[in-house]
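These notes are about the structure you will find just below.
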Amino acid sequence: MSGRPADDGEASRPRGGDTQWPLWEVFVQPASGEPHVHAGSVHAPDAELALLNARDVYARRGPVAGLWVVESARITASSPADAPSFFDPADDKIYRHPRFYRVPRGVRSL
Amino acid sequence: MSEVDPALSRAEREALAELALRLGDDRLILGHRLSEWCGHAPVLEEELALANVALDCLGHASTLLALAGELEGRGRSADELAFLRDAREFRNCLLVEQPNGDFAVTMVRQLLFDQADLLFYEGLQASRHAGLAGFAARAVREIRYHVRHARAWWLRLGDGTDESRRRMEAALEELWRFTGELFATDELERGLAAAGLAPDRAALASRWEEALRAVAAGARLRLPGAGPLHAGGGRRGIHGESLGLLLAEMQVLARTHPGASW
């Protein structure tokens, strides 16, 4: 793929001695209005092929309304070591949870 | 599609049976060729993609051969047509039976064929035969994806490395001569076109070439000039040696255990 124009950016180049194409995370939306849910990952040399591969690997059986692919390297993740300070404080303060109102009828995917 | 359409004359029914056989054999043979990539594709994701396309093709073949058997009225099922005919009775065009070669050959074959079939099936949606029209509408959606997939590879391999480009050019050189047959019509198909039962292939050639030229330009590939095209005997059952080998493998199980089901 070295002859392709630069618009594919970093995605065109293999990384860190890995002979595989870059990794892409796949998010599948089961129906319109539902959230996109992480389904897995695929290798692909660029975004269009990542989308096609995601379609072939994760969307060929179930009903699917939408697909996202994101190059894995572009995701910033929290570290497991940070978990106590990142996540614990939410638990003991009940007022942080928006539970004090009724969900309108007919709303299913909140 | 289960009962014979009373609006068809006997001659029309026979001609439609033959057309369904041609279309079904195209899809069956192409699908089998693609399935030969199982376990050999360059990467796992592409393996699944090729298998998906192959399964789409087999699905089309299954519907079309069932319809052919029904219109023919001799009680032959889709399975019997697929597994118990010899090479001389197959009606597929020569392009689809060409061996897979390398990945470039497979992708060139796919786009050359599917771009033509896409135009044909788009026209077939307007067929007077409701079963065929309905089937065409379903098939068009799937074939559009096949075209998108193959086109993506033309762009990347044609405009890729020196090696990938060399292979794409060799594949085009090898397969181009079989494309004439994609638009060759005979009395039977001209009759079906005149009766509003199927589109006229000959009228699709210029749009096909236009679509391919656009892809080739994006891929920085040059399509071979209008050189001598293979006359093509596929529709009359005159095939290359490779079809016999393909059928031997495809049919061996069904012929070894006649009537078995699993």
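Note that the structure is a prediction, hence the values are computed from the model and not measured. Lettering of chains follows the sequences in order, A, B, ..., and the numbering in each one begins at 1.
Proximity to chain A (any heavy atom under 4.5 Å) is shown, for B:Ala49, by both the backbone and the side chain. For a residue to count as touching a neighbouring chain, one of its non-hydrogen atoms must lie under 4.5 Å from one of that chain's; by this rule B:Arg148 touches chain A with backbone and side chain alike.
The number of heavy atoms from other shown groups lying within 6.0 Å of CG (B:Asp162) does not exceed 12. Under a cut-off of 6.0 angstrom, the local environment of CD in B:Glu173 is sparse, with at most 12 non-hydrogen atoms contributed by other residues, nucleotides or ligands.
To the nearest 0.5 Å, the span separating CD on B:Glu46 from CG on A:Leu52 amounts to 9.0 Å.
Within the 3.5 Å criterion, the main-chain N or O of A:Val42 finds no donor-acceptor partner in the side chain of B:Glu45. Counting only distance, with no hydrogens or angles, the side chain of B:Asn52 and the backbone of A:Asp56 share a donor-acceptor pair below 3.5 Å.
Using a 4.5 Å cut-off on side-chain heavy atoms (C-beta onward), A:Arg60 and B:Leu55 make no contact.
In terms of heavy atoms, B:Arg156 sits closest to A:Glu48 at NH2-CB, 3.3 Å.
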